[in-house]
Amino acid sequence: MTVQLYDTKAQALRDFVPLDPGNVTIYVCGPTVQSGPHIGHLRGALSFDILRRWLTHRYGRVTFVRNVTDIDDKVLANASDGEPWWALAYRMELEFTRAYTAIGILPPTYEPRATASIPQMQELIARLIAAGHAYAAPSTGPEAVDAAGDVYFDVRSWESYGSLTRQSLDAMEPAADADPRGKRDPRDFALWKGAKADEPASATWDSPWGAGRPGWHIECSAMARRYLGSEFDIHGGGLDLRFPHHENELAQSTAAGDGFARYWVHNGLVTVGAQKMSKSLFNFVLAEDVLRERDPLVVRYALAAAHYRSSLDITGSTFDEAEAALDRIRTFLERAIRTLRGTEDVRVDAAVPAAFAEALDDDLGVPQALAVLHDAVREGNSALDAGDRDGALRAFADVAVMTGVLGIDPLDPHWRSTDVSAEAAALDALVQTMIAQRADARAAKDWAAADRIRDAIAAAGIALEDGPDGTHWSVADTPRPAESD
């Protein structure tokens with residue numbers, strides 16, 4: 001067993017060797033909760049949910065930390081007199097949690113809020129100042145009034161700055177997270193932001209350098225160290241966080257003497273018309289809207305189906321294709337359960353197929369793993385058609401364990417609770433009535449009537465399966481017409 005992951009810092013696949021094989025440690029940058037989640041947020045969180053599930057399968061225990069940035073320029077900017085920043089942040093945090101839960105993302109082991117780790121941030125800043133890698137803005141002179149309380153990381157003091165993204169310091173743009181007044185170099189970034197007259201007093205904490213609040217980058221370094229120690233296995237996040245956020249985290253943590261992350265893993269972005277989805281570009285698709293219109297399991301499958309490092313372009317067929325794939329899986333599992341009594345008992349102890357494991361060991365190759373899954377579905381259906389009970393049972397066990405690992409088992413109670421609707425209940429009642437009418441016609445040897453009912457059901461896109469325990473229906477696996485632009 002060798003798990004390989006693409007390390008963004010090394011720009012290469014690396015064998016994954018955890019510090020402690022009995023406890024893999026992962027830190028993932030969570031949301032800045034200035035507004036609700038879009039579909040790109042779900043894709044990022046889901047990528048690391050699947051990575052966590054697979055590493056748990058391989059190693060047995062994963063300590064997974066995903067933070068909440070609840071104090072930030074954007075949070076303050078979106079607050080109002082009627083909803084203070086802390087109330088807005090909490091409301092948006094709950095929206096993220098609901099969306100994550102809806103698509104089956106496991107809750108993190110720890111989910112720290114930035115505002116709960118201010119002392120740890122200040123301690124880290126003090127270490128950087130003592131080591132000569134950070135400085136407080138001038139306390140006298142013409143810049144003092146505007147820069148009072150500000151503390152900056154001195155990028156030129158750390159020769160490894162730029163190593164994550166392999167950039168030359170002189171080629172970098174100035175840091176845009178604070179006004180350049182008080183900086184020694186325009187690329188220096190803020191560790192502590194002095195209190196400003198136009199910001200609420202509730203967003204201010206006392207510090208040795210003056211009242212203020214933390215900069216964005218110092219938050220994750222401090223929380224990662226607090227919950228996982230000075231060195232941990234994997235740091236994850238979206239590709240757009242590589243610079244400046246993760247570059248700055250790496251610089252400040254290693255300059256303070258911490259080993260920090262041993263592997264850097266980044267997921268690709270969601271695009272709309274080949275353009276990055278972003279709140280700043282106003283081209284985002286809100287998670288709430290998608291989950292209102294689509295089965296959450298379909299959303300999970302659609303967002304997981306592409307390789308986690310690739311870009312995922314959302315089109316009209318993205319969710320339709322996922323729904324059709326899940327229908328094939330669900331239909332086989334339900335058919336197998338009806339045909340093979342006691343089949344549910346094989347779901348717990350079955351080992352994952354070797355080809356499936358090989359795919360996920362190879363940099364979390366979910367597309368290849370799904371191909372193995374669907375091969376097993378086809379083999380299982382063929383076995384059922386041939387009356388091969390042993391073959392069908394093996395296929396059922398394989399499909400059950402693979403869907404369980406990926407979190408897409410359509411028979412899992414989590415999905416049943418979100419899949420039941422008034423429309424589905426009404427459809428079932430109508431189809432069951434027509435099935436009963438067809439059975440009555442066949443019993444009366446009125447074959448013409450039975451055929452008419454069967455044809456009417458088929459015309460509605462419903463497939464019937466007659467078996468020894470009765471007739472069962474499912475939505476027929478036929479492609480939908482393409483949506484027009």
Side-chain angles (χ1 to χ4, degrees), residues 3-8 11 13 28-29 37-55 99-100 102-106 234 236-242 264-278 281 283-287 289-291 293-329 355-377 402-403 405-410 479-480 482-483:
V3 176
Q4 286 194 316
L5 293 174
Y6 185 85
D7 183 350
T8 308
Q11 295 187 8
L13 281 174
V28 173
C29 284
H38 58 59
I39 204 72
H41 292 120
L42 296 192
R43 197 272 175 109
L46 178 58
S47 297
F48 291 100
D49 179 69
I50 294 175
L51 176 60
R52 174 193 185 179
R53 288 170 182 264
W54 183 241
L55 293 178
Y100 290 159
I103 66 168
I105 293 174
L106 299 173
I234 297 171
L239 194 63
D240 54 339
L241 296 179
R242 289 172 61 240
W264 290 83
V265 178
H266 291 91
N267 65 276
L269 306 178
V270 172
T271 58
V272 177
Q275 185 180 41
K276 169 196 167 184
M277 182 182 295
S278 169
L281 296 176
N283 67 340
F284 53 88
V285 179
L286 290 176
D289 293 338
V290 174
L291 291 171
E293 297 171 2
R294 294 286 185 170
D295 183 331
L297 177 55
V298 170
V299 176
R300 181 182 178 93
Y301 188 104
L303 296 180
H307 191 273
Y308 79 92
R309 285 197 289 117
S310 67
S311 294
L312 176 62
D313 198 44
I314 296 293
T315 68
S317 63
T318 301
F319 299 109
D320 291 342
E321 292 169 0
E323 186 173 8
L326 282 165
D327 282 344
R328 289 192 291 272
I329 297 170
F356 180 86
E358 182 179 350
L360 293 182
D361 281 344
D362 184 11
D363 195 30
L364 208 66
V366 172
Q368 294 77 14
L370 287 173
V372 176
L373 168 60
H374 284 285
D375 283 344
V377 169
M402 287 187 282
T403 55
V405 167
L406 294 175
I408 57 170
D409 179 359
R480 299 187 181 188
E483 294 184 6

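In what follows, every heavy atom counts, from backbone to side chain, and hydrogens, waters and symmetry copies are set aside. Sequence positions, counted from 1, serve as the residue numbers for this chain.
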Distance-only, no hydrogens or angles: does the D7 side chain make a donor-acceptor pair with backbone N or O of W264 under 3.5 Å?
yes
What pair of heavy atoms forms the shortest contact from [X] to [Y], and how long is it?
X	Y	value
L13	Y6	CD2-N, 3.6 Å
A369	A359	N-CB, 3.6 Å
Y301	A325	OH-CB, 3.5 Å
L42	Y100	CD2-CD2, 3.8 Å
H41	P37	ND1-CA, 3.4 Å
S47	N267	OG-CB, 3.8 Å

Could you measure the distance from the [atom1] atom of [X] to the [atom2] atom of [Y]? Nearest 0.5 Å is fine.
X	Y	atom1	atom2	answer
R300	L46	CZ	CG	5.0 Å
I329	I408	CD1	CD1	4.5 Å
T403	L373	OG1	CG	6.5 Å
L312	R43	CG	CZ	5.0 Å
C29	H266	SG	NE2	7.5 Å
M402	L360	CE	CG	10.0 Å

With heavy-atom distances below 4.5 Å as the criterion, would you say the side chains of [X] and [Y] are in contact?
X	Y	result
Q368	D362	no
F319	V299	yes
I234	L5	yes
I103	D49	no
D363	Y308	yes

Salt-bridged, R294 to D320, with N to O below 4.0 Å?
yes
Apply side chain to side chain contact (heavy atoms under 4.5 Å, CB included) to L326 and D295, showing your working.
CA-CA 11 Å; L326 282 165; D295 183 331; over 6 Å; no
With side chain to side chain contact (heavy atoms under 4.5 Å, CB included) as the criterion, how do R53 and L106 come out once you've worked through the C-alpha distance, each side chain's angles and the decisive distance to 0.1 Å?
CA-CA 9 Å; R53 288 170 182 264; L106 299 173; 3.6 Å; yes
Test log, rule side chain to side chain contact (heavy atoms under 4.5 Å, CB included), inputs W54 and D361:
CA-CA 8 Å; W54 183 241; D361 281 344; 3.0 Å; yes
